[in-house]
Novice: 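Right, I'll just put the structure down here and ask away after.
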Amino acid sequence: MAEKKKDRNRTVDPAALEVLAKTEGNGVESCFDRYLNMQPQCNYGNTGICCTICIQGPCRITKKASKGICGATGYTIVARNLVRHVLGGTSAHSDHGLHTTLVLKEIADGHEGDYGITDSAKLKAVAERMDIATEGRSDKEVLKDLVDLALQEFSRIDGQESLWIEKTVVPERLEKFKDCNIMPYSVHRTIAESMAQTHMGMDADPVNLVFQALKAALCDYLGMHIATDLSDILFGTPTPVVSEANMGVLEEKMVNIALHGHNPVLSEMVVKAARSMTDEAKAAGAEGIKCMGICCTGNEVLMRQGVPVLTNFSSQELAIMTGAVDAMVVDIQCIMPGIQAVSECYHTKIITTMPSVKIPSSHYVDFDEAHAMEKAQDIVRIAIAAYKERKPEKVSIPQFKNKVVAGFSLEAISDLLSAINPDTPIKVITDAIDSGELAGVALFAGCNNLKVIHDDSHSTIAKELAKNNVLLVATGCAAGTFAKFGLMNGDAVEQYAGDGLKAFMNRLNEANKDKMTEKLPLIFHMGSCVDNTRCYDLVTELAKQWNVDTPKVPFVASAPEAMSEKAVSIGSWCVTLGMPVHVGVVPPIPGSPLVDGIALQIAQDVYGGYFMWEEDPQEAAKKLMAALNERTWKMKVHKMAQEKYETDTISATW
Ligand code: BF8
Ligand code: SF4
């Protein structure tokens, strides 16, 4: 391990390795260099027992000092830091959701501009789920009510608890949240009360703080569910698409535009603009314009437009170091400030677009939705101009890419399943689990984190689970890894799936052979990080079919390279909603054995979900399999008891 910490090549992505090798010693610095410069990292921070909440600090818990200057103990400090991490994630996701809501509000108010309702069936479905009347009403009338409700979900002060949560979870979960007093009124109220609760000299009770963290995490779920629902209405619900992934998607003779960040409101428009501006690119000497994605903006435009994936989080700077990216257009979140300094060593233009994300020396285009297409064209023109400044001697495109079959919204999956069982599509999965053909379902989510080897754990664990017949779904940068590594196409099923999973996929392929031009992939790409709610909606569907609460469903989640505060908030709501969650990078919690114990064990007693910290990918795969096996075994016992005693649901929530 000590050796590895000195090695700059902390990745198993062949494209990233090639860029690192070719740029070794040329003075251009990426996160792979900065990670090494940062070693050793502080162990107080690593374990969560450093407090900077007031400026008497930093206070660290040591053998000599068992309390902060104010008297806060380790458990208070760790729990308070945890709440604030969750709040960072919740704010990010819900601000994204609010942005989408405000774009739809303009449409509802009659100021469409360049946007419109793309998926009126989804509008109807979401409205009906939220008890909004649709019969005999125009799309705009329905949208107006839906937008009003969404705005209340962000800003309500009291009176009514969140409806978006209530309507998307099984009743037993709702009861649990009410019992534990963690049902929020709204996102903004919860963020404000949690910030107040974690101010210096406020809550010192770690259990109370952890409950507040979970309440805030439910607001993360709420904000991102709104983001996904409304993005589908605005841009369309994803259906299967075929594309490619990894740096080999860069084209030497094209204007290459990298779309990076999270918000499809901007990137959808840039893709549209780029498709209509080929002539301008040709006039500049290029063969055309190619858009490609990084991080979750990449996932959004892959899912809906088939835009290829350039790379994921940790290798974002390396993409620029190929010398072939003409512009990197960024919106919000997970954008390393380091991209600007790297771009200055090449011809690449970094274009920031949001008032909340500015990077010194970058180009700033104030992307206002009222002039969306015009602004998108301005952005594409900057890229075309940059193409003319390319330095051919610096261009070196790693020739690695793989075919990707993506676009698996829950609606798309349901559509595939309905080819086998048109009345109850979800039964195709529950039957396969009941019969033992499938061992359960696993969600791979989350980021890259250089504390572990880039992309390694994702692919190792996924292959292991596939071998053991687990149905796999993925989002975020985990999905980025699988796309780059050729695990999101039909060939991977042949190569890695166990017999049960193979039989299941073959049955689906056979039933859908008239509809699909490509074989189904080993891992279903369900979208960006906000789309983790699509995955939870799948859990809810499974639970309803089995007539059980969600903690009984053989479904696990894994974030092998969790990095961001958003990953902390997602992991926390997954646990609260009843999932076993593996995290491959230990978050700053073990500094308090009490809070650690809550995360690893006590959470299970209360919510049925729990965390597992495990850095070793083989061990992680074993733990995930054990969690699934425990649940499938219990499901069998449960079913037998149901039949023998002719009872309905058994109330235990374990
Ligand atoms: O929201 S997986 S590194 S890009 S935080 Fe960021 Fe993590 Fe990637 Fe997407 Ni999610
Ligand atoms: Fe130190 Fe207490 Fe201030 Fe934290 S809140 S920095 S523990 S004095």
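Please read all numbers here as calculations on a predicted model, not as lab measurements. Counting starts at 1 for both ligands and their atoms, following the listed order.
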Novice: Do H454 and D13 come within less than 4.5 Å of each other through their side chains, counting heavy atoms only?
Specialist: yes

Novice: Between the side chain of N489 and the main-chain N/O of P521, is any donor-acceptor distance below 3.5 Å?
Specialist: no

Novice: Before giving the answer on salt bridge (charged side-chain N to carboxylate O under 4.0 Å, His left out), spell out for K451 and E615 the whole-Å C-alpha distance, their side-chain angles and the decisive distance to 0.1 Å.
Specialist: CA-CA 10 Å; K451 283 184 171 172; E615 285 188 17; over 6 Å; no

Novice: In this structure, does ligand 1 have an atom that sits under 4.0 Å from one of the heavy atoms of G446?
Specialist: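 True for this residue.
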
Novice: Looking at M200, which atoms of ligand 2 are within less than 4.0 Å of one of its heavy atoms?
Specialist: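 Contacts of ligand 2 toward M200, numbered from 1: 5 (S).
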
Novice: Out of all atoms in ligand 2, which are within 4.0 Å of some heavy atom of C59? Include the element for each.
Specialist: 1 (Fe), 6 (S), 7 (S), 8 (S)

Novice: Is any side-chain heavy atom of T198 less than 4.5 Å from a side-chain heavy atom of L209?
Specialist: yes

Novice: Look at D537 together with R534 and state whether they make a salt bridge at an N to O cut-off of under 4.0 Å.
Specialist: no

Novice: Tell me which protein heavy atom sits closest to atom 1 (O) of ligand 1, plus the residue, atom name and distance to 0.1 Å.
Specialist: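 Scanning the protein heavy atoms, the shortest distance from atom 1 (O) of ligand 1 goes to H262 NE2, 2.6 Å.
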
Novice: Checking a contact table here: which protein heavy atom is nearest atom 5 (S) of ligand 1, and how many Å away?
Specialist: S564 OG, 3.2 Å

Novice: Within the 4.0 Å heavy-atom shell around G68, which atoms of ligand 2 are there?
Specialist: 7 (S)

Novice: Could you tell me whether R8 sits above the aromatic face of F32, with NZ or CZ closer than 6.0 angstrom to the six-membered ring centre and within 45 degrees of the axis?
Specialist: no

Novice: Residue-level breakdown please: for M563 versus ligand 1, do any non-hydrogen atoms fall below 4.0 Å on the side chain, on the backbone, on both, or on neither?
Specialist: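 It is the side chain that touches ligand 1; the backbone stays farther off.
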
Novice: List every atom of ligand 2 that sits less than 4.0 Å from any heavy atom of G57, numbering the atoms from 1 in the order shown and giving each element.
Specialist: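 Under 4.0 Å from G57, ligand 2 has these atoms: 6 (S).
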
Novice: Just to confirm my output: which protein heavy-atom neighbour is closest to atom 8 (Fe) of ligand 1, and how far is it?
Specialist: C477 SG, 2.3 Å

Novice: How close does the nearest protein non-hydrogen atom get to atom 8 (S) of ligand 2, and which residue and atom is it?
Specialist: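 Protein heavy atom at minimum distance: C70 N, 3.4 Å.
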
Novice: Checking V78 against I49 for the side chain to side chain contact (heavy atoms under 4.5 Å, CB included) test, could you report, in this order, the C-alpha distance in whole Å, the side-chain angles of both residues, the deciding distance, and whether it holds?
Specialist: CA-CA 6 Å; V78 168; I49 42 172; 3.8 Å; yes

Novice: Quick check on atom 6 (Fe) of ligand 1: does C447 put an N/O/S atom closer than 2.8 Å to it?
Specialist: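 It does not; every qualifying atom lies at 2.8 Å or beyond.
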
Novice: For residues M247 and F400, determine if any side-chain heavy atom of one lies less than 4.5 Å from a side-chain heavy atom of the other.
Specialist: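 No, every pair of side-chain atoms sits at 4.5 Å or beyond.
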
Novice: Nearest to atom 10 (Ni) of ligand 1, what protein heavy atom do you find, and at what distance?
Specialist: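 Answer, as residue, atom name and distance: C529 SG, 2.2 Å.
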
Novice: For R80 and ligand 2, answer yes if some heavy atom of the residue is under 4.0 Å from a ligand atom, otherwise no.
Specialist: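 Heavy atoms of R80 do come under 4.0 Å of ligand 2.
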
Novice: List the closest protein heavy-atom neighbour of atom 3 (Fe) of ligand 2: residue, atom name, distance to the nearest 0.1 Å.
Specialist: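 Residue, atom and distance for the closest contact: C54 SG, 2.4 Å.
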
Novice: Please examine the side chains of L450 and R34, heavy atoms only from C-beta on, and report whether any two atoms are closer than 4.5 Å.
Specialist: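 In short, these two side chains do not touch, never coming nearer than 4.5 Å.
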
Novice: Run the numbers for me: atoms of ligand 1, each under 4.0 Å from some heavy atom of F313, listed by number.
Specialist: 3 (S)

Novice: Report yes if N448 has an N/O atom closer than 3.5 Å to an N/O atom of ligand 1; otherwise report no.
Specialist: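 N/O-N/O distance below 3.5 Å does not exist for this pair.
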
Novice: Just wondering, do M195 and R84 contact through their side chains at under 4.5 Å, heavy atoms?
Specialist: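 In contact.
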
Novice: Is there a side-chain contact between Y221 and T90 in this structure, where contact means two heavy atoms from C-beta onward sitting under 4.5 Å apart?
Specialist: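 The answer is no; the side chains never approach within 4.5 Å.
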
Novice: Between A479, S528, C296, which one has a non-hydrogen atom sitting closest to atom 9 (Fe) of ligand 1?
Specialist: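 Heavy atom nearest to atom 9 (Fe) of ligand 1 belongs to C296.
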
Novice: Report the nearest protein non-hydrogen atom to atom 6 (Fe) of ligand 1: residue, atom name, distance rounded to 0.1 Å.
Specialist: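 Heavy-atom neighbour on the protein nearest atom 6 (Fe) of ligand 1: C334 SG, 2.2 Å.
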
Novice: Suppose we measure from atom 4 (Fe) of ligand 2 to each protein heavy atom; which comes out shortest, and what is that distance?
Specialist: C51 SG, 2.3 Å

Novice: Which residue in the set N312, N402, N246 passes side chain to side chain donor-acceptor pair (under 3.5 Å) when paired with K484?
Specialist: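 When N312, N402, N246 are each tested with K484, the side chain to side chain donor-acceptor pair (under 3.5 Å) holds only for N312.
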
